[in-house]
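Let me begin by presenting the structure, written as structure tokens, before commenting on it.
From a predicted model like this one, the values you see are computed outputs, not experimental measurements. For ligands, and for the atoms within them, numbers begin at 1 and follow the listed sequence.
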Amino acid sequence: MIISSGAFVSDNGRLRGENVAGSVRRLKDLPGLFMDDTAYRSMDPEQIVYEVQLHNSCGSAEGGLLFGTSTVTPGKVGREYFMTKGHFHEIRNRAEYYWGISGKGVLVTMDERRQASTVRIEPGSLHYIPGHAAHRIVNIGDCPLVVGACWLADAGYDYDLLAKEGFSVRIVEENGAPAIWSNK
Ligand SMILES: O=P(O)(O)OC[C@H]1O[C@](O)(CO)[C@@H](O)[C@@H]1O
Ligand SMILES: [Fe+2]
């Protein structure tokens, strides 16, 4: 039985070692995500918006768990802060834990009736995301936002519902501070 995987989480939330894989999302990978398309098109398409690192030692086996960290770069497109794409789980009832490792952020969740909620993420904060809730993180600070996560390996990703209307709220800078805008 495998009880240790030979992987490590460093102070900045980076994973290394066995069974660790990473992916990067750049501005060019996220067309239509941000509300200000003119600002989006004026920016460097190679700019990294966020990176995800994943520790996977079970594939997508039912009953297995995945562990990941997401690192969102500080920045904005127009007035809207850099954020992850966000998703519902393909198997809708699958829940997930998030916790803040470093930086300042907002967790946005939204149910299938487009009811949204937001909560601040800070180092050490713990967030339970129930099934049937889309989830996204937003970096509202000047440093990278690093968030850890643990979720069921068979959860999968569903981006289709969000591709049409997006989340019902957006996190934007207003008078120098983060504000929640309705996107209904
Ligand atoms: O690119 P997305 O769909 O916003 O997801 C980013 C990552 O956040 C997680 O929810 C946890 O970090 C993973 O499931 C996912 O890989
Ligand atoms: Fe998820």
Side-chain angles (χ1 to χ4, degrees), residues 7 9-10 12-16 19-35 47-75 77 80-103 105-112 116-119 121-140 144-171 183:
V9 187
S10 55
N12 64 1
R14 295 293 164 143
L15 306 184
R16 62 189 165 83
N19 300 319
V20 172
S23 61
V24 176
R25 299 243 205 217
R26 300 173 189 275
L27 277 174
K28 68 181 181 189
D29 304 318
L30 303 168
L33 191 70
F34 296 94
M35 64 183 175
Q47 167 70 51
I48 293 175
V49 180
Y50 63 101
E51 297 176 60
V52 175
Q53 286 190 298
L54 177 66
H55 179 260
N56 185 344
S57 47
C58 63
S60 56
E62 185 182 345
L65 291 172
L66 302 180
F67 179 94
T69 61
S70 300
T71 302
V72 185
T73 309
V77 176
E80 191 171 16
Y81 297 96
F82 279 8
M83 59 188 173
T84 59
K85 203 169 164 181
H87 56 262
F88 285 98
H89 289 149
E90 196 175 350
I91 302 182
R92 282 286 195 278
N93 68 5
R94 296 312 197 230
E96 183 161 349
Y97 266 113
Y98 273 9
W99 67 94
I101 296 173
S102 60
V106 173
L107 167 62
V108 180
T109 57
M110 184 183 79
D111 68 19
E112 289 149 311
S117 28
T118 60
V119 64
I121 304 173
E122 56 192 16
S125 64
L126 185 64
H127 310 278
Y128 180 74
I129 301 161
H132 300 271
H135 38 288
R136 141 180 300 165
I137 57 173
V138 184
N139 186 347
I140 57 166
L145 170 69
V146 187
V147 175
C150 186
W151 68 103
L152 285 153
D154 65 356
Y157 300 88
D158 181 350
Y159 295 104
D160 288 354
L161 259 184
L162 294 169
K164 291 183 198 113
E165 297 178 272
F167 281 72
S168 54
V169 296
R170 291 183 180 275
I171 309 298
N183 185 39

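- Ring pair H135/Y98 is perpendicular by interplanar angle, where above 60° counts as perpendicular and below 30° as parallel.
- Side-chain atoms of Y50 come within 3.5 Å of backbone N or O of K85 as a donor-acceptor pair.
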Evaluate the criterion side chain to side chain contact (heavy atoms under 4.5 Å, CB included) for residue pair V72 and T84; output intermediate values, then yes/no. CA-CA 7 Å; V72 185; T84 59; 4.0 Å; yes

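- In this structure, E80 contributes its side chain and R170 its backbone to no donor-acceptor pair below 3.5 Å.
- Using a 4.0 Å heavy-atom criterion, the residues that approach ligand 1 are R25, Y50, V52, S70, T84, K85, G86, H87, E96, Y98, H135, A149, W151, Y157, Y159.
- Here the protein contributes H87 NE2, H89 NE2, E96 OE1, H135 NE2 as N, O or S atoms under 2.8 Å from the Fe ion (ligand 2).
- Between the side chain of R92 and the main chain of H132, no donor-acceptor pair closer than 3.5 Å is present.
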Apply side chain to side chain contact (heavy atoms under 4.5 Å, CB included) to the pair I129 and L107, showing each step before the final yes or no. CA-CA 10 Å; I129 301 161; L107 167 62; 4.1 Å; yes

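- Atom CD of Q47 is separated from atom CZ of F82 by 4.5 Å, given to the nearest 0.5 angstrom.
- No donor-acceptor pair under 3.5 Å is formed between the side chain of N56 and the backbone N or O of L66.
- Judged by distance alone, with hydrogens and angles left aside, the side-chain atoms of H87 form no donor-acceptor pair with the main-chain N or O of Y157 at under 3.5 Å.
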